[in-house]
Structures are given as C-alpha cells and as structure tokens.
Amino acid sequence: MKFDIKKILELANVDYEKAWIESAKYLEKNGKKFKLINKGRPHPLYEFIENARAIMIQMGFEEIVLPMIIEASHVYREYGPEAPLILDRLFYLAGLPRPDIGISAEKEQMIRQIDSSIDLNELKKILREFKLGKIEADDLIESLVLRLKIKEENATKLVDSVFTEFKILKPIPTNLTLRSHTTALWFPVLSALQGKKELPIQLFHIGPKFRREQNLDKTHLYTSNTISCVIMHDEITLEDGMGITKNILEKFGYKDVKFEIKKATSKYYAPQMEFEVFIKHPITNNWLEIGDGGFYSPVSCAKFSIQFPVFNFGMGVERFLMIQEKEDDIRNLVYPYFYKDIIFSDQEIAEGICFENEPMTKVGKEIMNAIIQTLERHKDDMAPLEIVAWKGKIFGKKVEIMIWENEEGVKLLGPAAFNEIWINEGKILGLKPGAEKPQHGIYTGIRYIDSIAALVARKIEELNDQKELKFRIKMVKRPSEINLHINDSIRYFINSKNKKIDIRGPIFIGITCRIV
RNA sequence: GCCGAGAUAUCCAAGCCUGGUAUGGAGCGGGCCUGCUAAGUCCGUGCAGUAAUGCUCGAGGGUUCGAAUCCCUCUCUCGGCGCCA
C-alpha cells in the first residue's frame with residue numbers, strides 16, 4: 001500500500017504518538033502476497049574485495065579483523081612530530097552527556113497531566129540510575145513503561161515534552177577516532193602478537209578507513225576501502241617486499257607496474273624506505289598511483305615495543321575499481337543511487353514495455369493468436385463485414401469471437417492498426433509498418449494489434465455471466481488505450497528527459513465475443 | 001576553509017533584475033472530431049473544501065496594502081580553488 005506522506009507528516013507534527021500508532025494501518029500483517037524475484041546482483045566493490053581476499057590468502061597472508069576505532073594517542077606514537085597534521089584529517093568520536101534531571105514543581109504538574117498515577121519517587125530513581133549509567137539510553141523508555149506502569153506513548157511524551165534536557169544535549173568529543181588508515185592499527189596489533197606468534201608474521205586486512213575530507217568529489221569519499229598487509233620478520237629486505245608487492249599486483253591482473261621511492265617519506269616509514277606503486281591505466285595509458293608501502297620506522301616500532309622489521313603495503317580498493325569499471329567518478333561507483341543519473345538505453349526502454357493485460361491460460365493465448373492471425377489475413381477487406389476469428393470452449397462456455405466493421409466503403413482496420421512500437425533516442429514511437437525506421441531505433445516486437453489482442457483475450461478469460469463482450473477502438477493517442485504498460489522507472493526517465501511517448505493513430509477495430 | 005551558481009506542482013523549465021491572478025511544455029486524465037501516421041481539437045491536472053474560499057514556489061523570519069520576486073537567518077545540491085597524511 002502506498003503511504004500518504006503528506007497526511008502522515010501532518011499528523012506526526014501535531015501528535016507524533018498518534019501518528020505512530022495509526023501508521024500501522026498502512027502495513028499488512030497476514031496473507032501471502034509477495035515472493036522474492038530474481039534480482040540478485042553483487043556490488044562491484046564487494047565483488048572486488050571478495051576476489052582480493054582469496055588472492056591474499058592464497059599468497060600466504062592470514063586475514064585478521066582490525067578495530068575501526070583507535071585512540072588519538074596512537075597517532076602521536078606512530079607519527080611523532082607529524083601527528084598534528086594527521087589528526088586534522090581524523091573523525092573524532094563524540095558522545096552525548098547524560099543530563100541531570102530534577103523534578104521541579106512545574107515539571108511535576110506536567111507529569112501529572114500526562115498520567116496522574118505516576119509514582120514520582122520511582123521516576124526520580126529511574127532518572128538517577130540513568131545518569132549513573134545503570135540504565136542504557138536504549139532502555140530508558142522501556143524502563144519508564146515497565147516500572148511506572150504507564151503506556152509507551154506516555155513514556156515518549158515524558159521524554160519529549162517534560163524532560164527537554166534530552167533535546168538540548170551537545171555532543172562532547174572523546175579522544176577516540178575512526179581509523180584514517182589501516183596502518184594505525186598494525187602497530188598495536190603487531191605489538192600484541194609479537195612473541196605469541198612464530199615469525200614470519202604475515203597478515204592482511206581489507207576494510208574501510210574514514211577521512212574527514214573538506215568536500216566530497218570525483219576522487220574523495222569519507223569512507224573508502226584499503227587492502228593492507230604486513231610482514232614482520234627478522235630477515236627481510238625492501239627488495240623482498242617490493243617483489244611480493246609486484247606478485248600481488250600480477251595476481252590482480254596488472255603486469256605493468258612501476259615503483260618509485262618517495263622523496264618525502266612519511267614519518268611512520270623509515271627514511272628512503274617508502275615507495276609508491278603505479279600501474280599503467282589500461283585505457284588512458286597514464287601511470288596511476290594505486291598504493292604505497294615500505295618498512296615501518298624503527299622509531300615508531302620502538303614506541304610500540306616492536307623489535308623486528310615490519311614491511312607494509314596498502315592499496316586503495318576504489319582506485320582499482322575505477323580503473324576496472326572505467327568510471328571516473330568514485331561516487332558513481334560506490335553510491336550510484338545518490339549520484340548517478342539513472343539512464344536507460346533504448347534497449348532497456350524496449351524491455352520495460354509490456355502488455356497491461358494479457359491472457360494467462362493456454363486457451364486465452366490461443367484466442368489472442370487467432371485474433372491476430374485473422375486480422376493479418378483480412379485487414380484490407382472492405383466493410384461492411386463480420387469475420388469469425390475463433391470459435392470454441394473456454395471454461396465450459398461456448399464462445400464465438402467476431403471481428404467486424406459496419407461502416408461502408410472502408411477497410412476492416414484503420415491504417416495504424418499494425419503500427420510497430422519503436423524506441424529511438426529515448427522516445428517511444430508508434431510507426432507505420434514498412435515506413436522508414438530510425439537508423440538506430442529498436443523495435444520492441446509489439447504492434448498495436450498484438451497488444452489489443454492480448455487485452456481482448458484476457459477479458460474473455462475473465463468473462464463471467466455476460467452474454468456479450470464488445471470492443472471498439474477508434475482513434476488512440478495514449479499507450480494505455482491500447483493496453484500498453486510502461487514501467488514506472490522508464491516512464492520517470494522519459495518524463496524527466498522531456499522525451500516523447502507517441503502512441504497514436506486511427507485503429508478502428510471492432511471485436512465482439514458472444515456466448516452461444 | 002575560500003569563492004560562485006542554484007532549489008518553482010509528477011517531470012523539464014519560465015517568472016526574480018523592474019513586487020500586483022503560478023506561465024509554458026512533457027506526462028497523466030477527459031470531451032469532441034473520426035480511417036488524420038514523429039499525429040486533429042478543446043478542457044482538466046499542487047493541496048484542503050460540496051462550494052464560496054483558503055493555503056502553496058527548499059525552511060523560517062522581516063519589509064510591504066500586497067512577496068516566488070526585496071532583506072536577514074538556516075538547510076541542502078552543484079561547480080571552481082585550497083587541503084588530501
């Protein structure tokens with residue numbers, strides 16, 4: 001059932017609780033009306049990640065889960081003096097403080113108005129426990145309902161209109177941050193694993209990182225994914241690391257790889273031990289940076305008590321995807337529903353057009369075909385005349401389907417009856433058979449007559465006690481008049497692009513179905 | 001962070017400078033005309049109301065007899081520059 005959004009919002013503004021309770025009427029509880037249809041499709045991002053995981057595991061890396069949240073102090077330990085620059089890009093997590101709520105005389109009166117039976121002492125106790133953290137925010141309403149024995153809507157009212165302290169809360173930042181790069185997590189993790197796990201330690205993780213970008217554009221998102229791996233061993237060289245990196249990229253399908261030692265090394269890497277990796281874009285032939293790696297700085301390691309060399313390499317998942325999918329806007333790639341104009345090709349439009357009604361039974365389909373064939377054979381016969389298109393039994397009833405034209409001196413059918421429905425440059429057109437067709441147009445395979453025959457056949461299937469069913473279609477000017485259905489998203493597309501739907505013409509068809 | 005452009009009914013737009021009935025097209029619906037073929041003609045089409053009428057141009061406020069239009073605040077969108085470890 002469609003929601004009446006305007007009505008719902010109006011009511012919700014006046015009385016949220018009432019709106020909430022009444023909204024249940026829009027939803028159905030019982031019955032079997034829906035089955036999943038076959039629309040399954042992976043998101044290219046996760047498809048890529050799935051494939052990458054398999055490659056990393058196969059190469060000998062162990063997958064681990066890294067926390068998303070990290071203390072800001074770790075960043076100082078890893079980056080040293082550079083840290084403040086890094087912190088600028090971080091999302092700090094904040095929380096709402098628990099308010100002190102006293103019950104003034106004024107509040108007492110408001111509470112009495114909502115429900116005079118409320119036990120004020122118990123209420124005070126609940127609020128105190130909430131402040132102390134004994135009751136979680138999620139459970140506050142539930143506690144009010146259960147312990148004060150009041151209705152849920154009244155509990156909501158208490159919070160909404162009496163204890164307005166909840167509404168004016170300002171978030172207070174903590175020293176926790178969302179990870180801005182996976183590396184931030186490797187230090188504490190390797191520190192914890194050191195001594196517990198045999199060397200070499202070979203780990204990888206694929207997951208999101210978060211950066212407070214100033215604005216989002218073609219190449220920047222708040223959230224993007226990184227493939228990150230580390231190798232900790234007492235005997236390993238940068239050359240080894242680069243060789244492994246090259247290997248990984250080869251498995252990903254990229255052979256043209258270029259390494260460059262970074263001139264300005266990040267402080268968590270050792271000097272002259274950080275490199276960037278470029279691959280040649282298969283289409284533009286430009287060198288694109290897709291990742292970097294190197295040895296972690298022994299200073300940073302020491303701050304985490306790490307005693308062995310750590311080689312690290314990381315790549316941006318979205319960067320790869322952009323190459324792979326030939327997409328130059330990262331937003332279209334990851335969040336197409338927000339950013340990408342949904343565009344339907346002529347082919348897709350053609351597929352979105354079907355009969356509004358069509359026969360469901362075998363005999364119904366037979367009737368439809370009989371009508372079409374009869375019309376094809378007799379379309380140029382001169383009126384007046386009446387032709388039997390089909391005779392037979394349907395659902396125990398003997399019926400006879402006649403095609404007729406009474407007017408003298410004209411043909412059985414109007415000239416547009418056999419018009420074909422074509423799609424061209426986003427337009428839906430009904431074109432005369434045999435006429436010149438648009439060069440790149442797509443034929444839907446549907447003629448006016450096919451659609452009409454489908455409708456007639458369906459109506460005959462639905463025939464109840466009527467003795468006679470008469471169809472007369474003269475001039476048409478809309479798809480609905482000839483039983484054509486254009487799916488909503490296609491219609492929206494055509495509409496929003498200001499394209500035409502031009503299904504018109506003189507059809508002049510008469511069909512009568514009689515029970516004999 | 002700085003600068004610029006924008007938000008109008010189901011969709012696409014016009015109206016804004018210069019305040020005075022919400023304009024056009026598409027789509028949708030209806031009437032008339034009928035043998036018209038990239039297509040005849042007229043009407044309806046934001047919301048509430050039986051009606052008179054009232055309300056509606058992102059939200060809120062202000063100026064004014066009168067605001068889509070002028071002023072202020074806010075929200076969101078798009079673009080450019082900067083930042084992007």
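Chain letters run A, B, ... following the sequence lines, proteins first and then strands; every chain starts at 1.
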To the nearest angstrom, the CZ-C1' distance between A:Arg504 and B:U41 comes to 11 Å
In whole angstroms, the gap separating P of B:C36 from CD1 of A:Ile507 amounts to 14 Å
Here the distance between atom C1' of B:A85 and atom CZ of A:Arg212, to the nearest Å, is 13 Å
Worksheet item: Base, sugar-phosphate alone, or nothing: which one does A:Tyr268 contact when heavy atoms must sit under 4.0 Å apart?
Response: nothing
* To do: Output yes when A:Arg491 and A:Asp488 qualify as a salt bridge under the 4.0 Å nitrogen-oxygen rule, no when they do not.
  => no
Pairwise C1' distance for B:A9 and B:G80, with rounding to whole Å = 33 Å
Contacts satisfying salt bridge (Lys or Arg N to Asp or Glu O under 4.0 Å) that involve residues 291-309 of chain A (not counting sequence neighbours) are none
Distance-only donor-acceptor hits, side chain of residues 415-423 of chain A, under 3.5 Å, sequence neighbours excluded:
unit_1	atom_1	unit_2	atom_2	d
A:Glu420	OE1	A:Trp422	NE1	3.0

Rounded to whole Å, CG of A:Asn312 lies from C1' of B:A85 at a distance of 14 Å
Closer than 4.0 angstrom, basic N to acidic O: yes or no for A:Lys477 and A:Glu481? no
The Watson-Crick or G-U wobble partner of B:C36, with both key distances under 3.5 Å, is none
Exercise. Would you indicate what A:Glu405 reaches in the nucleic acid, counting non-hydrogen atoms under 4.0 angstrom: base, sugar-phosphate, or nothing?
Key: base
Taking a pair to mean Watson-Crick or G-U wobble geometry with both distances below 3.5 Å, B:C78 pairs with B:G4
Measuring only the C1' atom in each nucleotide, how far is B:G58 from B:U77? A whole number of Å is fine. 11 Å
Any strand, both distances under 3.5 Å, Watson-Crick or G-U wobble: B:G27 pairs with B:U45
>> Is it true that A:Thr183 and A:Tyr296 share a donor-acceptor pair across their side chains at a distance under 3.5 Å?
In response: yes
Between CG of A:Leu413 and C1' of B:U34 the distance, given in whole Å, is 16 Å
query = Any salt bridge between A:Lys499 and A:Glu425, counting N to O under 4.0 Å?
reply = no
Going 5' to 3' through nucleotides 23-33 of chain B and flagging B where a protein heavy-atom sits under 4.0 Å of the base, S where only the sugar-phosphate is that close, and - otherwise, we get --BBSSBBB--
Practice problem: Using a strict cut-off of less than 4.0 Å between a Lys/Arg side-chain nitrogen and an Asp/Glu carboxylate oxygen, indicate whether A:Arg514 and A:Glu468 qualify as a salt bridge. | Solution: yes
